[in-house]
Amino acid sequence: MHRERFYTLSASCPDRVGIVAKVSGFIAEHKGWILETSLHAEPAQGGEAVGRYFMRIEIKADSLPFHLAEFRERFRPLAEALEMEWKISDSAVKKRVVVLVSKQEHCLYDLLARWQSKELDIEIPCVISNHDTFRGFVEWHGIPFHHVPVTADNKAAAYAEVQRIFEEVRGDTMVLARYMQILSPDLCAAYPGRIINIHHSFLPSFVGAKPYHQAWAKGVKLIGATCHYVTADLDQGPIIEQDVIRIDHSDAVEDMVRYGKDIEKTVLARGLRYHLEDRVLVHGNKTIVFR
């Protein structure tokens with residue numbers, strides 16, 4: 001990460017000759033200083049006539065003679081000509097991350113520690129939970145805590161309240177830090193590519209209660225975690241980040257649970273950082289991640 005302020009342009013479009021030349025030429029035409037570039041061409045999928053091209057470009061902010069609003073206006077005709085999906089963000093503007101949690105504390109504790117140390121340079125406007133368990137811990141950090149119970153009878157109202165809070169605090173991203181509820185399809189549809197979840201890598205092999213106990217009984221040799229975007233299809237959203245560690249017969253179930261918690265919080269933090277830095281571009285249900 002550069003110390004100086006920069007803009008991040010992330011985009012994808014149908015693949016063709018001259019994409020990089022046109023975009024970099026536009027930036028150069030306005031005296032823009034490119035600090036970092038990541039590029040990737042993906043072959044055609046599922047009946048597409050051509051493949052898709054992905055790019056992420058960091059531009060030194062003070063090298064341009066205008067701010068982002070004018071950049072967007074000037075760049076839009078070129079983006080339309082290239083049939084481009086794109087966005088540009090400012091490193092000086094902190095993303096607002098709303099954290100959802102249930103009764104497992106490890107991911108929440110880790111995110112707040114990284115936030116407090118500025119390893120994650122974000123704003124956390126609030127934490128939402130379906131239990132009151134972590135109110136004291138969250139409020140000790142000076143962060144508002146919202147208890148929104150979720151039952152079989154009130155799910156629609158509960159998720160409407162979650163959405164209301166998220167909008168009220170002007171949230172950019174919602175992180176499910178071991179939030180053990182299934183979000184409604186309406187809530188998922190309202191924020192595509194803006195809700196991030198973490199789960200153990202045993203899914204779908206060991207679903208339901210006590211997956212580590214099931215894995216231990218089967219003699220699993222690898223455990224891990226997957227960070228992904230949330231969609232209406234449970235745990236099937238585009239994958240952002242994954243990792244694994246090796247275990248053996250000497251590890252007890254309690255060891256596996258402890259290892260699992262460690263890797264879950266690490267993968268969640270890493271995946272969140274990639275998302276916040278606009279390093280993740282989605283094509284269908286596949287992600288391109290510029291690390």
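The analysis underlying the following values was restricted to heavy atoms, covering all of them including side chains, and did not include hydrogens, waters or symmetry mates.
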Looking only at heavy atoms, the pair that brings Ile240 and Gly271 closest together is CG2-O, 3.6 Å
Does Arg273 reach the side chain of Glu119, with side-chain heavy atoms less than 4.5 Å apart?
no
Main-chain N/O of Ile239 paired to Thr287 side chain as donor or acceptor, under 3.5 Å
yes
From His147 NE2 over to Ser129 OG, what is the distance, rounded to the nearest 0.5 angstrom?
6.5 Å
Polar side-chain atom of Asn285 near backbone of Gln236 as donor-acceptor pair, under 3.5 Å
yes
Look up atom CD in Glu241 and atom CZ in Arg291, then write down how far apart they are to the nearest 0.5 Å.
4.5 Å
Which residue pairs pass the salt bridge (Lys or Arg N to Asp or Glu O under 4.0 Å) test when at least one of the two sits in residues 144-165, sequence neighbours left out?
Glu161-Arg164, Arg164-Glu168
Minimum heavy-atom separation for Leu108 and Ala177, please, with both atom names.
N-CB, 4.1 Å
Supply the atom-to-atom distance Glu58 CD to Thr8 OG1, rounded to the nearest 0.5 angstrom.
4.5 Å
To the nearest 0.5 Å, how far apart are NZ in Lys265 and CD1 in Ile198?
12.0 Å
Does atom NZ of Lys94 have more than 12 heavy-atom neighbours, drawn from other residues, nucleotides or ligands, at distances under 6.0 Å?
yes
More than 12 heavy atoms of other residues, nucleotides or ligands under 6.0 Å from CD1 of Ile182: yes or no?
no
Just verifying a value: how many Å separate Asn154 CG and Asn130 CG, rounded to the nearest 0.5 Å?
10.0 Å
Beyond-backbone contact of Arg258 with Glu254, side-chain heavy atoms, under 4.5 angstrom:
no
Quick one: CG on Leu183 to CD1 on Ile195, what's the gap to the nearest 0.5 Å?
5.5 Å
If you take all heavy atoms of His199 and His228, which pair is closest and at what distance?
CD2-NE2, 3.2 Å
Could you tell me whether the side chains of Thr231 and Asp233 share a donor-acceptor contact shorter than 3.5 Å?
no
Verify whether one side chain among Tyr229 and His275 offers a donor that lies under 3.5 Å from an acceptor in the other.
yes
I'd like to know whether the aromatic ring centres of His40 and Phe290 sit less than 6.0 Å apart in this structure.
no
Do Ser12 and His283 pair up side chain to side chain, a donor and an acceptor below 3.5 Å, judged on atom types alone?
no
Does either side chain, that of Glu70 or that of His30, offer a donor lying less than 3.5 Å from an acceptor on the other one?
no
So, do Leu39 and Val20 sit near enough that their side-chain heavy atoms are less than 4.5 Å apart?
yes
Side-chain contact, heavy-atom cut-off 4.5 Å: Ile165 with Val98?
no
In terms of relative ring orientation, are Tyr159 and Tyr179 parallel, tilted or perpendicular, with 30° and 60° separating the classes?
perpendicular
Could you tell me whether the side chain of Lys210 reaches within less than 4.5 Å of the side chain of Val253, counting heavy atoms only?
no
Hey, are the side chains of Glu36 and Arg56 touching, using non-hydrogen atoms and a 4.5 Å cut-off?
yes
Side-chain contact test, heavy atoms from C-beta onward, threshold under 4.5 Å: evaluate it for Ile19 versus Arg16 and give yes or no.
yes
Would a 4.5 Å heavy-atom cut-off, applied to side chains only, mark Asp278 and Lys95 as touching?
yes
Check for me whether the distance between the ring centres of Phe26 and Phe71 falls short of 6.0 Å.
yes
